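In what follows, a single structure is set out as structure tokens and then discussed.
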Amino acid sequence: MRFRIMLSHVKLLLCISLLSATPTSIAEEKVLTVQSILANAPKPHEVEFARKGVAETSIENAWERPCPYNSSRLLFDDSGDIDLDEIHLRCRRWQDCKTMGASASQFTEGFFKHHKTGEKIPQQWKQDGEDLAKNDAEFGGGSGHSYNYALKFAEENWRLFEGRSASEADKLVKKQFWQWCAIEPLSIWKSKLDD
């Protein structure tokens with residue numbers, strides 16, 4: 001009998017402790033979510049660069065930041081001189097440059113390993129690049145163009161991984177790839193969307 005009473009007390013205490021812990025963890029989770037949203041939102045100076053049309057070349061480590069052109073601060077600006085098509089194209093290019101910059105880093109490391117150890121380059125990389133180039137419109141504008149350049153870049157710049165830590169080389173590759181990609185003409189993305 002005492003055992004049952006004690007067991008019910010333990011269950012009751014466990015239930016109370018779980019109920020009291022849950023709201024705290026949910027509140028903490030919401031705070032983290034709001035903090036992560038705010039951290040990933042374009043900063044005021046980034047939006048100002050976007051308003052001037054120079055965000056790609058003016059934001060430090062832009063490949064790590066979200067596209068500031070689609071910021072609500074810019075979209076709901078009262079000046080009225082915002083071209084929504086251009087904003088869309090700039091954000092498409094921004095996202096392609098981020099994505100393909102990461103691929104360029106992966107490819108460059110692969111070519112580095114190939115030259116150092118003789119490790120074979122995955123044939124899939126070349127096939128993916130050829131497929132993207134043939135069917136570029138299906139892949140959202142300049143993706144094939146950027147992907148093919150990422151492969152070419154990696155093949156020519158594999159030495160960037162030589163004598164550097166992987167994270168240092170990764171950042172250098174992404175920076176150099178961004179410098180090329182972010183100034184590519186918007187017409188590349190536009191022409192594929194018009195098809």
Side-chain angles (χ1 to χ4, degrees), residues 32 35-43 45-47 49-50 53-71 88-193:
L32 290 175
Q35 288 173 343
S36 67
I37 289 171
L38 291 175
N40 289 319
K43 297 184 178 6
H45 73 280
E46 295 173 345
V47 174
F49 287 137
V54 295
E56 296 87 344
T57 57
S58 301
I59 297 173
E60 189 173 336
N61 299 337
W63 60 90
E64 296 174 350
R65 303 291 304 145
C67 178
Y69 290 100
N70 63 5
S71 167
H88 174 74
L89 290 172
R90 283 182 180 268
C91 284
R92 281 302 274 275
R93 178 177 64 187
W94 191 287
Q95 191 55 46
D96 281 349
C97 291
K98 280 176 72 168
T99 303
M100 294 308 157
S103 295
S105 180
Q106 178 187 5
F107 299 155
T108 305
E109 186 175 13
F111 278 103
F112 171 72
K113 287 179 180 175
H114 168 72
H115 285 283
K116 287 304 231 184
T117 65
E119 191 176 308
K120 196 169 184 155
I121 301 294
Q123 186 63 27
Q124 188 64 37
W125 289 357
K126 186 175 181 185
Q127 291 168 351
D128 287 349
E130 289 169 354
D131 289 345
L132 275 171
K134 288 177 192 168
N135 306 312
D136 198 29
E138 294 175 28
F139 290 92
S143 297
H145 174 73
S146 304
Y147 186 98
N148 282 323
Y149 184 78
L151 282 171
K152 180 182 173 190
F153 176 91
E155 197 167 7
E156 293 172 357
N157 295 289
W158 61 270
R159 291 184 189 272
L160 290 173
F161 272 83
E162 212 165 41
R164 292 182 174 87
S165 69
S167 64
E168 183 184 1
D170 175 66
K171 188 172 182 174
L172 185 59
V173 168
K174 288 177 180 175
K175 178 181 181 178
Q176 289 187 10
F177 185 82
W178 182 268
Q179 288 171 342
W180 166 82
C181 188
I183 60 170
E184 283 295 282
L186 287 175
S187 59
I188 293 169
W189 279 262
K190 182 173 178 18
S191 66
K192 296 301 178 182
L193 293 176

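Since this is a predicted model, take the numbers as computed values, not measurements.
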Problem - Flag if over 12 foreign heavy atoms under 6.0 Å of CD, Glu162 - result: yes
Handout entry: Heavy-atom closest contact (Pro185 atom, Arg93 atom, distance)
Key = C-NH1, 4.3 Å
Completion exercise
Between the CD1 atom in Ile59 and the NE2 atom in His45, the distance rounded to the nearest 0.5 Å is 6.0 Å
Exercise for the section: Give the minimum heavy-atom separation between Ser71 and Val47, together with the two atoms involved. Expected result: OG-CG2, 3.5 Å
Return all side-chain donor-acceptor pairs below 3.5 angstrom for residues 173-183, not counting sequence neighbours, or 'none' if the list is empty.
unit_1: Lys174; atom_1: NZ; unit_2: Asp170; atom_2: OD2; d: 3.2
unit_1: Trp178; atom_1: NE1; unit_2: Glu56; atom_2: O; d: 2.9
unit_1: Trp180; atom_1: NE1; unit_2: Glu184; atom_2: OE2; d: 3.3

Exercise for the section: For the pair Tyr149 and Phe153, name the ring-plane relationship: parallel under 30°, tilted 30 to 60°, perpendicular over 60°. Expected result: tilted
Problem - Passing candidate, ring-ring contact (aromatic ring centres under 6.0 Å, His included) with Phe107, options Phe161, Trp158, Tyr147 - result: Tyr147
Problem - Point-to-point distance, once rounded to the nearest 0.5 Å, from CZ of Arg92 to CD1 of Ile188 - result: 14.0 Å
Handout entry: Non-hydrogen atoms of Asn157 and Thr108 that approach each other most closely
Key = O-CG2, 3.4 Å
Practice task
Please report the shortest heavy-atom distance between Tyr69 and Gly53, naming the atom on each side.
Solution key: OH-C, 3.5 Å
Exercise for the section: Without swapping roles, check the side chain of Arg65 against the backbone of Ala41 for a donor-acceptor pair under 3.5 Å. Expected result: yes
Fill in the blank from the handout: In terms of heavy-atom contacts, Trp189 and Ser146 come closest through CZ2-OG, 3.7 Å
Exercise for the section: Take Lys171 and Trp63, measure what side chain to side chain contact (heavy atoms under 4.5 Å, CB included) needs, and give me the verdict at the end. Expected result: CA-CA 10 Å; Lys171 188 172 182 174; Trp63 60 90; 4.2 Å; yes
Practice task
Flag the pair Phe49 / Pro42 as yes when at least one side-chain heavy-atom distance between them is below 4.5 Å, and no otherwise.
Solution key: no
